[in-house]
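Sharing a structure, written as structure tokens. Questions coming.
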Amino acid sequence: MSTSLGRYGTPRAETEVLSAVVNDDVDHARALLQEMTPTERHALEHQCEEVINLQVLREDDE
């Protein structure tokens with residue numbers, strides 16, 4: 001992966017993408033996503049869905 005990892009102090013592309021999004025660094029997030037394989041992007045999408053599901057479960061308990 002040629003886009004610089006670690007701009008946000010993370011060693012992995014997935015966490016770097018999320019950190020970029022949190023920091024409104026859309027260009028960096030897009031560049032990282034373009035360099036990820038389809039399998040990596042699918043795994044990241046699945047992980048994000050898991051986080052969303054955790055939040056939904058928490059809201060249902062309240």
Side-chain angles (χ1 to χ4, degrees):
M1 190 168 276
S2 62
T3 300
S4 76
L5 286 176
R7 181 183 290 189
Y8 297 100
T10 65
R12 299 194 50 159
E14 295 88 343
T15 54
E16 189 73 8
V17 169
L18 294 174
S19 294
V21 169
V22 168
N23 286 285
D24 295 323
D25 191 351
V26 177
D27 292 336
H28 187 56
R30 282 190 180 133
L32 289 165
L33 287 167
Q34 288 175 346
E35 293 183 9
M36 293 172 81
T37 66
T39 301
E40 291 170 328
R41 285 192 304 270
H42 179 74
L44 177 59
E45 180 181 341
H46 177 73
Q47 293 160 353
C48 289
E49 288 172 353
E50 290 295 317
V51 171
I52 291 167
N53 289 337
L54 288 173
Q55 181 62 34
V56 169
L57 289 173
R58 183 173 160 226
E59 289 172 354
D60 288 346
D61 289 342
E62 293 177 354

Worked check of side chain to side chain contact (heavy atoms under 4.5 Å, CB included) between Leu18 and Thr10: CA-CA 10 Å; Leu18 294 174; Thr10 65; over 6 Å; no
Please lay out, stage by stage, how Tyr8 and Val22 fare under the test side chain to side chain contact (heavy atoms under 4.5 Å, CB included). CA-CA 10 Å; Tyr8 297 100; Val22 168; over 6 Å; no
Exercise: identify the closest heavy-atom pair between Gly9 and Glu16: N-OE1, 4.4 Å
side-chain contact (heavy atoms from CB on, under 4.5 Å) partners for Glu49, two or more places apart: Glu45, His46
Walk me through whether His42 and Thr39 qualify under side chain to side chain contact (heavy atoms under 4.5 Å, CB included). CA-CA 5 Å; His42 179 74; Thr39 301; 5.7 Å; no
For Arg12, give me all partners under salt bridge (charged side-chain N to carboxylate O under 4.0 Å, His left out), at least two apart in sequence or on another chain. Glu14
As an exercise, state the distance from CG of Asp25 to CZ of Arg7, rounded to the nearest 0.5 Å. 5.0 Å
Heavy atoms, side chains only, cut-off 4.5 Å: are Gln47 and Leu44 in contact? yes
